[in-house]
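In this text, all values refer to a predicted model and were calculated from it rather than measured experimentally.
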Amino acid sequence: MTDIQTAAPKFLVEQGATNKKDAIRDDEQIRQTAREFEAFFLSQVLNSMSSGLETDSMFGGGESEKMFRGMLNDEYSKAMSRNNSVGIADAVYREMLALQEVK
């Protein structure tokens with residue numbers, strides 16, 4: 001017979017964590033995940049907003065400007081997320097913690 005292994009779900013914060021250092025590290029990992037989600041969301045919004053913009057034919061970047069606009073929007077969204085300018089990361093962070101609580 002073959003052995004069937006069941007994988008336990010991996011939670012970001014382990015229940016009964018006794019080490020304060022591990023709890024702080026896990027908390028920071030949750031915060032980082034929330035910031036990444038906010039940056040992704042903002043990137044999608046910025047890409048949607050700039051999709052209809054035309055490049056300036058005289059002094060614009062032409063096709064290269066169209067190509068790199070998405071990368072610029074990604075960097076803008078990361079900067080906005082790092083500065084807590086929108087607040088989506090805070091809401092996501094609270095929800096992630098609430099979902100991991102034992103009921």
Side-chain angles (χ1 to χ4, degrees):
M1 287 194 174
T2 60
D3 292 330
I4 298 175
Q5 295 178 345
T6 59
K10 294 182 180 181
F11 294 102
L12 291 176
V13 178
E14 294 180 10
Q15 298 174 2
T18 57
N19 192 353
K20 189 174 183 179
K21 184 178 176 183
D22 288 340
I24 292 171
R25 181 178 48 92
D26 291 340
D27 184 61
E28 190 56 38
Q29 186 179 11
I30 294 171
R31 282 194 188 281
Q32 181 62 31
T33 303
R35 281 189 209 113
E36 288 172 3
F37 176 80
E38 181 180 32
F40 175 75
F41 177 79
L42 292 173
S43 174
Q44 295 299 312
V45 170
L46 291 174
N47 284 332
S48 178
M49 286 173 47
S50 64
S51 67
L53 296 177
E54 297 292 325
T55 59
D56 184 23
S57 60
M58 178 77 93
F59 297 106
E63 290 302 313
S64 349
E65 183 176 345
K66 289 180 186 176
M67 212 163 71
F68 290 105
R69 184 177 289 152
M71 287 188 230
L72 181 63
N73 288 338
D74 289 344
E75 291 304 316
Y76 283 155
S77 65
K78 289 176 188 174
M80 290 188 323
S81 180
R82 276 193 305 268
N83 293 326
N84 294 327
S85 62
V86 179
I88 296 172
D90 294 332
V92 170
Y93 171 76
R94 286 191 302 271
E95 284 300 313
M96 289 174 73
L97 287 180
L99 288 172
Q100 292 183 355
E101 289 181 4
V102 178
K103 293 182 179 183

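- Atom CD of Q32 sits about 4.5 Å away from atom CD of E36, to the nearest 0.5 Å.
- A donor-acceptor pair under 3.5 Å links the side-chain atoms of T33 to the main chain of Q29, judged by distance alone.
- Under the 4.5 Å side-chain heavy-atom criterion for grouping Ile, Leu, Val, Met, Phe, Trp and Tyr, F40 is not connected to L42 through any hydrophobic cluster.
- At least one side-chain heavy atom of D74 sits less than 4.5 Å from a side-chain heavy atom of N47.
- Both F41 and L46 are members of a single hydrophobic cluster when ILVMFWY side chains are connected at heavy-atom separations under 4.5 Å.
- Note: E95 CD to F37 CZ = 11.0 Å, rounded to the nearest 0.5 Å.
- Among residues two or more places apart in sequence or in another chain, the side-chain contact (heavy atoms from CB on, under 4.5 Å) test is passed with Y93 by D27, I30, R31, A34, L97.
- With sequence neighbours left out, the side-chain contact (heavy atoms from CB on, under 4.5 Å) criterion links S81 to R35, E38, A39.
- Applying the side-chain contact (heavy atoms from CB on, under 4.5 Å) test to N84 and every residue at least two apart in sequence or in another chain returns nothing.
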